[in-house]
Amino acid sequence: MAALSRAAMVLTMMGLAATSALSQPSLISMTTDVPLPDGLSYDFHALSCNNLQNMVRDAVQGAIARDAGVVPGLLRLFFHDCFPQGCDASILLTGGNSEQNMGQNVGLRRSVLDLIESIRATVHRACGPTVSCADITSLATKEAVMQSRLPGYDVPLGRRDSLTPATAQQVGILPGPDSNVQQLVRTFADRGFDKMDLVALSGAHTVGKASCGSFRSRAGENADFVRMLQQVCARNPRHLQDLDVATPNTFDNRYYNNLQVGRGVLNSDMALTLDGDTKNWVNNFAGNQGWFFSQFSTSMRKLAHLPGGNIGEIRNNCFRRNGNGDSVVLASEGFAASV
């Protein structure tokens, strides 16, 4: 008991204690020590492009100043790129079999896609074609998180850009707006994430919007809230609903407070309250924003470390493969070749 009291005192001083914290099996994710994928490093571009971080930071900062929707847009793009087969920028490829045409990716923010390509162009002008679109997407998303007042985290660099989009089967593992809690837990566990990661990453819904089709079948105990959603969409079927109905433009922990009173927009949001473990994490993050922020960055770090992105090229345009005669830098070798 004395050891627990000392632990609680330390956590309180750090701003990480929550009412039910000590009822949890662990106060931090058990899998924070994630391995660095083969061939990657945190300072991969230190010599070849030493101003990379500043170029990405300036571009993201300017984009957010013009449009706050860049933050949720980058978070969604990054998650939907990395979760199916690793962070390889396959989602950026256009064409008939593009991931952007698949149902799970409907509504990707055009300005965010263009932002990644704009950063690539800036970086390649300054450093040559040495940085992949995958690395730029990872760094831009990290910047969006940090500029939302959350802790930074390590991003593995040196990834190559995929030569092909992910398959429909791979993209199909992305959680849907009507996923139940058993499906969510199983899907995340299959990719190496625990229940704390699931609840923390779902907190990205503290910003962003959803189309009416995403919550058409919304049900729940808060009948007044569900009725409000239905009425808004009946008046305007093209309505985009704030996922956080309390503070939609602020990255905070109010999303979890909303869930506690049945005001989550998606069925998959409310599903987090239907499992004992995930409900505990909802309550813990609702009670301590600092704890949520810390765990969100930890879980984003795990997402950034998913294996993949080791086979391919460095695209000269993020939206298409390089053509014959284009210069390609093989990231793991560090030299240029011609294809």
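FYI, side chains are in, hydrogens and waters are out, and symmetry mates aren't considered; it's all heavy atoms of this structure.
Between Gly152 and Ser297, the closest heavy-atom pair is O-CB, 4.4 Å. Scanning both residues, Leu266 and Pro177, for their nearest heavy atoms gives CB-O, 3.9 Å. Taking each heavy atom of Leu92 and Cys318 in turn, the nearest pair found is CB-O, 3.4 Å. For the residue pair Glu99 and Ile91, the shortest heavy atom distance occurs at OE2-N, 3.5 Å.
Ring pair Phe188/Phe83 is tilted by interplanar angle, where 30° to 60° counts as tilted. Between Phe285 and Phe292, the ring-plane angle classifies as tilted under the 30° and 60° cut-offs.
One N or O on the side chain of Gln289 and one on the backbone of Asn253 form a donor-acceptor pair closer than 3.5 Å. Judged purely by atom type and a 3.5 angstrom limit, Ser299 uses its side chain to pair as donor or acceptor with the backbone of Gln295. Looking at Arg57, its side chain never comes within 3.5 Å of a backbone N or O of Gln147 through a donor-acceptor pair. In this structure a side-chain-to-backbone donor-acceptor pair under 3.5 Å is present from Glu313 to Asn322. Under a 3.5 Å cut-off, the side chain of Thr278 and the backbone N or O of Leu274 do not form any donor-acceptor pair. Counting only distance, with no hydrogens or angles, the side chain of His124 and the backbone of Val131 share a donor-acceptor pair below 3.5 Å. When atom types are taken as modelled, the side chain of Asp161 and the backbone of Ala89 share no donor-acceptor pair closer than 3.5 angstrom. The closest donor-acceptor contact from the side chain of Asn288 to the backbone of Trp291 lies under 3.5 Å. Between the side chain of Thr187 and the backbone N or O of Leu184 there is no donor-acceptor pair closer than 3.5 Å. At least one donor-acceptor pair under 3.5 Å links the side chain of Asp81 to the backbone N or O of Ser90.
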Got a list of side-chain donor-acceptor pairs under 3.5 Å for residues 65-76, not counting sequence neighbours?
| unit_1 | atom_1 | unit_2 | atom_2 | d |
| --- | --- | --- | --- | --- |
| Arg66 | NH1 | Gly62 | O | 3.3 |
| Asp67 | OD1 | Gly69 | N | 2.9 |
| Asp67 | OD1 | Arg109 | NH2 | 3.1 |
| Asp67 | OD2 | Arg109 | NE | 3.1 |
| Asp67 | OD2 | Arg109 | NH2 | 3.1 |
| Arg76 | NH1 | Val106 | O | 3.0 |
| Arg76 | NH1 | Gly107 | O | 3.4 |
| Arg76 | NH2 | Gln104 | O | 3.1 |
| Arg76 | NH2 | Val106 | O | 3.0 |

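Seen from the ring of Tyr256, Arg263 does not count as a face-on cation partner, given the 6.0 Å and 45° thresholds.
Only one option out of Asp197, Leu150, Val155, Leu201 pairs with Met300 in a side chain to side chain contact (heavy atoms under 4.5 Å, CB included); it is Leu201.
Comment: Asp190 does not engage Arg186 in a salt bridge, judged by the lack of any side-chain N to carboxylate O separation of less than 4.0 angstrom. Salt-bridge annotation for Arg159 and Asp88: absent, with no side-chain N of the basic residue lying under 4.0 Å from a carboxylate O of the acidic one.
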Given the rule in the salt bridge (charged side-chain N to carboxylate O under 4.0 Å, His left out) test, do Asp275 and Lys279 qualify, once you have shown the distances and angles that lead to the verdict? CA-CA 6 Å; Asp275 170 88; Lys279 183 177 181 179; over 6 Å; no
Test log, rule salt bridge (charged side-chain N to carboxylate O under 4.0 Å, His left out), inputs Asp244 and Arg254: CA-CA 7 Å; Asp244 178 348; Arg254 292 296 298 276; over 6 Å; no
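Annotation for Asp38: atom CG does not count as buried by contact number, only 12 or fewer foreign heavy atoms lying within 6.0 Å.
A side-chain donor from one of Asn51 and Asn54 sits under 3.5 Å from a side-chain acceptor of the other. Asp269 and Tyr255 are linked by a side-chain donor-acceptor pair at a separation below 3.5 angstrom, with hydrogens and angles left out of the test.
Between His305 and Tyr42, the ring center distance clears the sub-6.0 Å criterion.
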